[in-house]
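Throughout, a chain's letter reflects where its sequence line sits, starting with A, and its residues are numbered from 1.
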2 protein chains.
Amino acid sequence: MSLREKKVAKRKKDLIMSAIAIIGEKGYHSTTMEEIASKLLMTKGSIYYYFKDKQDLVYQSQKILLEQSNENIEEVLSEDLPYDEKLKKVMVVHIEYLITEQSGFVMGTNPEQFFSGKQLETILMLRDRYGNYIKQLIAEGVKEGFFTEVDEKIVRNIILGAMNWVVTWYSPNGPMDKTTLAKSISNYLLKIVLK
Amino acid sequence: MSLREKKVAKRKKDLIMSAIAIIGEKGYHSTTMEEIASKLLMTKGSIYYYFKDKQDLVYQSQKILLEQSNENIEEVLSEDLPYDEKLKKVMVVHIEYLITEQSGFVMGTNPEQFFSGKQLETILMLRDRYGNYIKQLIAEGVKEGFFTEVDEKIVRNIILGAMNWVVTWYSPNGPMDKTTLAKSISNYLLKIVLK
DNA sequence: CAATTTTTTGAACATATATTCAAAAATAAA
DNA sequence: TTTATTTTTGAATATATGTTCAAAAAATTG
């Protein structure tokens, strides 16, 4: 990648990050191109030099968040840990990432509302992949006798819901820092699968 | 209330219900006055005979949902049941109501995004009231020795998150009807507080 | 039935914001 | 430094949808 290409890539990423931050705070529709641009001291017009349209920018933002989530979980899964600790770590990493990016809102909503066609397909695929990792982890934990028998799909969704909900009530001014909170939540959730 | 007043009240309620249904499906911003009206074979212009503006209509929709939720939980709380069964029933009723109204989306989001001033105050008050009921129920259950010691706030939020998330993944075509699903979820969640 | 009141209509209007684009500015290449 | 290329700008445009309103239709009343 040439120097110029790198610069373009960086600008794109800056815009995506700006979009993520504001969308996380205000939601898809209330986030204007104006705001996304002005956060980087640009005018909205120049966003169109990098992205086809708003949809394109938002799509790429969501895609990056989901890809990062998948990378996060893949890394944890590859570690050599007992099932209970591994599941716990998966949860902690998930919650911490969510709080840092405040990305829960859009991620959580049904993407059908925002995307369609090929874009929707990709988003759903990434979501599915993530969900499957967790379902898989639970299933294996059960099989290996670490966890009690459960309906993996339902329990997976309970866990995802409880975690993703955090963005609606977590306050950085609260008594707990995000790591302590993440650990506490995962401990409670672990009780669902432990024998 | 005169006959005429009753008719007006009914029309208002019809509009509110129509709004709830579409907002539950599409979200706040994607729901147009046009759609809300056309569901009742009206034109959007005539909504303004009943409501000041879109904000007013949407606010009243959300308010009614929250008020109904509070009534639901109050009824369960007043029943004479052991703590574990009572908490379970609270959860089942919550999930069933959520699925029926598909109201999770807007309810879940931070209302700061949609409301302000007196409206926001009322919405937050209703949400708080609901949350407090659950926190209270958990705290009492602990005190009476039915439940194990937990951080009631965190556990309350875990439970709310897991439940509210259901709207994002429940499908009426799935293998479980909503009652079976609601029972299953509450059983798993109960494990968090049981000794 | 005639007069009055309520309700609906549909077009006109207002507004917000996404998008386009020609020109200017900044950057890189020669 | 001159020329060519990339990037930004800001105004103009397009569009979608909330809102208003005078007139028509429907319902009610006496």
Between atom CD1 of A/Ile23 and atom CD of A/Glu25, what is the distance when rounded to the nearest 0.5 Å? 11.5 Å
OP1 or OP2 of D/dG10 less than 4.0 angstrom from a side-chain nitrogen or oxygen of A/Lys44, does that happen here? no
Rounded to whole angstrom units, what separation is found between the CZ atom of A/Arg11 and the P atom of D/dT9? 8 Å
May I ask you to decide if the ring planes of A/His94 and A/Tyr130 are parallel, tilted or perpendicular, using 30° and 60° as cut-offs? tilted
Assign each of A/Met33 and B/Tyr49 to its nearest nucleotide of DNA chain C by heavy atoms, then name whichever residue's nucleotide is nearer the 5' end. B/Tyr49
Sugar-phosphate only, base, or nothing, as touched by A/Tyr50 at under 4.0 Å among non-hydrogen atoms: sugar-phosphate
Spacing of B/Asp53 atom CG relative to D/dT19 atom P, expressed in whole Å: 5 Å
For the pair made of CE in A/Met42 and C1' in C/dA26, what is the distance, rounded to whole Å? 13 Å
Looking across every strand, which nucleic acid part, if any, lies under 4.0 Å from B/Thr31 by heavy atom: base, sugar-phosphate, or nothing? sugar-phosphate
State whether the side chain of A/Arg156 and the backbone N or O of A/Ile138 hold a donor-acceptor pair below 3.5 Å, judged by distance alone. no
Check the side chains of A/Gln119 and A/Gln55 for a donor-acceptor pair under 3.5 angstrom, ignoring hydrogens and angles. yes
For D/dT19, take OP1 and OP2 only and decide whether either is under 4.0 Å from a side-chain N or O of B/Tyr48. yes
Rounded to the nearest Å, what distance is computed from the CZ atom of residue B/Phe51 to the P atom of nucleotide C/dT7? 13 Å
Between NZ of B/Lys6 and C1' of D/dA27 the distance, given in whole Å, is 18 Å
Here the distance between atom P of D/dT17 and atom CD1 of B/Ile47, to the nearest Å, is 14 Å
Mind calculating the distance between CG (B/Leu41) and C1' (C/dG10) to the nearest angstrom? 16 Å
Residue pair B/Gly45/A/Thr43 against DNA chain D: nearer the 5' end by closest nucleotide is A/Thr43
Any side-chain N or O of A/Lys7 below 4.0 angstrom from OP1/OP2 of C/dA28? yes
Using a cut-off of 4.0 Å on non-hydrogen atoms, how would the nucleic acid contact of B/Ser46 be classed: base, sugar-phosphate, or nothing? base
Is there a donor-acceptor pair closer than 3.5 Å between any side-chain N or O of A/Ser30 and the backbone N or O of A/Gly27? no
Rounded to whole Å, how long is the line connecting atom CG of A/Leu15 with atom P of D/dT7? 13 Å
